[in-house]
Amino acid sequence: MAVESKKLFQNKGYVYIIAAQTLSSLGSWLDMLALMGLVALKWNASPLEMSGAMLMLVAPMVLLASITGVLADRFERKHIMIISNVVCIVLVLGIAFSTALWQVYALLFVRGFFETLFGSAKSGKVKEIVGMEHIQAAMGISGMIDNASKIIGPFLSGLLVAVIGIKGSFITNAVVVAVSTLLLLKVPTSLKTPQKVQSTKRSWVTTLHADLREGFQFLRSIPVVLISVLLLSFMVLALQIADTQIIILLRELFTDPTKIMGYGIACAGAGTFLSSAYYAKRQIRSTLTILFTATLIMGCVLVSVALLSVLPVSVLTIVYPALFFNMGFSIGAVSITTNILAQKQTPVDKTGRVFGFINSLTTFGMLLGIVTGGLLSEGFGVVVAFILSGSLLIILGLVTIPVKYVVERRHIHVSESIASAQGKA
């Protein structure tokens with residue numbers, strides 16, 4: 001793996017795209033904590049209003065992920081990433097100077113679309129640059145960078161909010177994304193001419209439908225990936241019931257919730273960083289086994305966060321970050337192994353379409369979780385929402401056991417059938 005990583009960093013195109021990703025990921029976390037502060041603290045948002053902000057950011061991923069996947073396959077991915085970054089800079093500045101919550105909602109929705117478009121293009125571009133032989137190492141490094149930013153970002157965000165305020169944090173994020181855009185200019189364009197979309201409305205609609213159908217049919221042809229993604233989507237649904245309400249819970253317990261939020265996200269980021277590093281180097285034998293173990297751990301963590309909320313604040317300041325570390329490690333284990341499995345099974349020319357569907361499934365679960373979390377916290381309290389979220393994750397982990405048995409038996413049967421057919425030939 002060390003040799004593979006060395007070869008990757010000898011690839012200038014990969015170095016530039018990873019450097020751009022590093023800045024974009026860091027900027028996203030600087031911005032996210034500022035957004036939570038803007039909505040939850042400055043405007044004292046209710047649980048439903050907080051869910052609404054997250055919903056506006058996630059909804060485009062659910063509604064438009066498949067379309068962005070098609071676009072990423074049809075146009076030059078480098079240009080898509082650059083345009084998306086430029087538009088996001090404008091939108092981030094708009095959020096910084098917004099004067100009402102509805103303005104933030106509108107800007108977040110548009111931003112969500114372009115971030116989804118950027119993600120679809122980036123997944124395809126990485127695979128296009130490094131090739132199949134290095135894709136596991138490349139995705140592992142990409143995951144490590146994303147999660148390392150969760151460690152650095154919250155501390156920097158807390159410092160920025162304290163020194164230059166919430167608006168200053170958004171402006172800093174815009175500057176960071178601008179530098180990321182400059183790095184993308186150095187990423188090589190594709191040697192293969194992208195397919196052109198027909199100019200007539202009828203041709204576009206017909207072509208779009210055909211491409212989406214092709215991506216979905218391909219996903220159905222690899223049951224292990226499809227089942228893993230479905231279970232991952234349910235996991236995300238259960239997790240988001242609590243995740244979007246964490247700032248509401250901390251607001252009820254701590255006089256300075258942004259500080260403990262920063263510590264918590266940093267510890268979760270450390271966990272996911274170590275998880276990404278571990279699974280990037282390890283041979284993955286069963287993604288479903290990892291999903292089973294990780295969901296059980298996440299469920300126990302969320303139930304513990306709720307039940308331990310009665311402890312003194314001095315104790316929670318130590319206990320919560322430790323729990324968030326375990327949560328982060330488990331989330332990283334599931335996300336990186338599922339992503340590697342899908343990347344290995346998908347040809348480069350179908351990456352955008354297949355991952356468009358995968359993103360749609362997982363973010364649809366995220367959307368339902370956000371809405372459910374807001375409703376539960378508003379009606380029954382945030383502690384009840386956390387207990388329910390953790391209980392659902394524990395149940396999902398237990399359900400994974402029989403699903404794993406059926407899928408793996410079918411996989412063995414298919415493999416034996418293929419080997420038998422090849423032997424007769």
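We count residues from 1, following the sequence as given. The figures here come from the full heavy-atom set of this structure, side chains too, leaving out hydrogens, waters and symmetry mates. Bear in mind that the values here come from a model prediction, so they are computed numbers and not experimental data.
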Participant: Check whether any side-chain heavy atom of Leu38 lies under 4.5 Å from a side-chain heavy atom of Ile95, and answer yes or no.
Facilitator: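 Side chain of Leu38 against side chain of Ile95, heavy atoms only: contact under 4.5 Å found.
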Participant: Sequence neighbours left out, what passes side chain to side chain contact (heavy atoms under 4.5 Å, CB included) with Leu316? Give chain and number order.
Facilitator: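 For Leu316, the residues satisfying side chain to side chain contact (heavy atoms under 4.5 Å, CB included) (neighbours in sequence not counted) are Leu253, Phe254, Leu308, Leu311, Tyr320.
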Participant: Checking Ser24 now: which residues fulfil side chain to side chain donor-acceptor pair (under 3.5 Å) with it, not counting sequence neighbours?
Facilitator: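 So Ser24 forms a side chain to side chain donor-acceptor pair (under 3.5 Å) with Ser180.
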Participant: Are Gln240 and Leu368 side-chain neighbours, meaning at least one heavy-atom pair lies under 4.5 Å?
Facilitator: no
Participant: Do Ser275 side-chain atoms and Gly271 backbone N/O form a donor-acceptor pair below 3.5 Å?
Facilitator: no
Participant: With a 4.5 Å cut-off on side-chain heavy atoms, are Ile260 and Pro321 touching?
Facilitator: yes
Participant: Counting only heavy atoms not in Phe325 (residues, nucleotides, ligands), do more than 12 fall under 6.0 Å from its CZ?
Facilitator: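 Counting other residues, nucleotides and ligands, CZ of Phe325 exceeds 12 neighbours.
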Participant: Using side chain to side chain donor-acceptor pair (under 3.5 Å) as the criterion, list what pairs up with Lys167, not counting sequence neighbours.
Facilitator: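 Side chain to side chain donor-acceptor pair (under 3.5 Å) list for Lys167, sorted by chain: empty.
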Participant: Can you name the residues that form a side chain to side chain donor-acceptor pair (under 3.5 Å) with Thr22, not counting sequence neighbours?
Facilitator: none
Participant: Under 3.5 Å, side chain of Thr338 to main-chain N/O of Ser335, donor-acceptor pair present?
Facilitator: no
Participant: As a quick check of understanding, evaluate side chain to side chain contact (heavy atoms under 4.5 Å, CB included) for Val126 and Tyr14, giving each step before the final call.
Facilitator: CA-CA 7 Å; Val126 168; Tyr14 179 74; 4.2 Å; yes
Participant: Between Lys125 (side chain only) and Glu76 (backbone N and O only), is there a donor and an acceptor less than 3.5 Å apart?
Facilitator: no
Participant: Heavy atoms, side chains only, cut-off 4.5 Å: are Ser25 and Gln21 in contact?
Facilitator: yes
Participant: With sequence neighbours excluded, give me every side chain to side chain donor-acceptor pair (under 3.5 Å) pair touching residues 87-108.
Facilitator: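 Listed once each, the pairs are Thr99-Gln103.
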Participant: Tell me, please, which residues at least two apart from Glu252 pass side chain to side chain donor-acceptor pair (under 3.5 Å).
Facilitator: none
Participant: Where the side chain of Asn11 meets the backbone of Ile129, is there a donor-acceptor pair that is under 3.5 Å apart?
Facilitator: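 Present.
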Participant: Check whether Asn173 reaches the backbone of Ser169 with its side chain - one donor and one acceptor, N or O, closer than 3.5 Å.
Facilitator: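 Checked: no pair found.
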Participant: Can you give me every donor-acceptor pair (side chain of residues 228-236, partner residue at least two apart or in another chain, under 3.5 Å) with its distance?
Facilitator:
from	atom 1	to	atom 2	distance (Å)
Ser228	OG	Val224	O	2.8
Ser233	OG	Val229	O	2.8
Ser233	OG	Leu361	O	3.2
Ser233	OG	Thr362	N	3.3

Participant: List for me each residue that meets side chain to side chain contact (heavy atoms under 4.5 Å, CB included) alongside Val15, sequence neighbours excluded, and say none if there are none.
Facilitator: Phe9
Participant: Output every pair passing salt bridge (charged side-chain N to carboxylate O under 4.0 Å, His left out) with a member in residues 100-115, not counting sequence neighbours, ordered by first then second residue.
Facilitator: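 Every pair satisfying salt bridge (charged side-chain N to carboxylate O under 4.0 Å, His left out) with a residue in residues 100-115: Asp31-Arg111, Arg111-Glu115.
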Participant: Could you list the donor-acceptor pairs under 3.5 angstrom formed between side-chain atoms of residues 386-393 and any protein atom two or more places apart in sequence or on another chain?
Facilitator:
from	atom 1	to	atom 2	distance (Å)
Ser389	OG	Ala238	O	2.4
Ser391	OG	Ile387	O	2.8

Participant: Counting distance only, does the side-chain N/O of Ser309 pair as donor-acceptor with the main-chain N or O of Ala306 below 3.5 Å?
Facilitator: yes
Participant: Could you list the donor-acceptor pairs under 3.5 angstrom formed between side-chain atoms of residues 44-61 and any protein atom two or more places apart in sequence or on another chain?
Facilitator:
from	atom 1	to	atom 2	distance (Å)
Asn44	OD1	Arg251	NH1	3.3
Ser46	OG	Glu49	N	3.3
Glu49	OE1	Ser46	N	2.9
Ser51	OG	Pro47	O	3.1
Ser51	OG	Gln245	NE2	2.8
Ser51	OG	Ile370	O	3.1
Ser51	OG	Gly374	N	3.3

Participant: Which residues pass the side chain to side chain contact (heavy atoms under 4.5 Å, CB included) test with Ala121, not counting sequence neighbours?
Facilitator: Ala72, Arg77, Ile80, Met81
Participant: Give a yes or no answer on whether the side chain of Thr293 reaches the backbone of Ile290 with a donor-acceptor pair at less than 3.5 Å.
Facilitator: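 Not at all, since once roles are kept as given, no pair shorter than 3.5 Å links the two residues.
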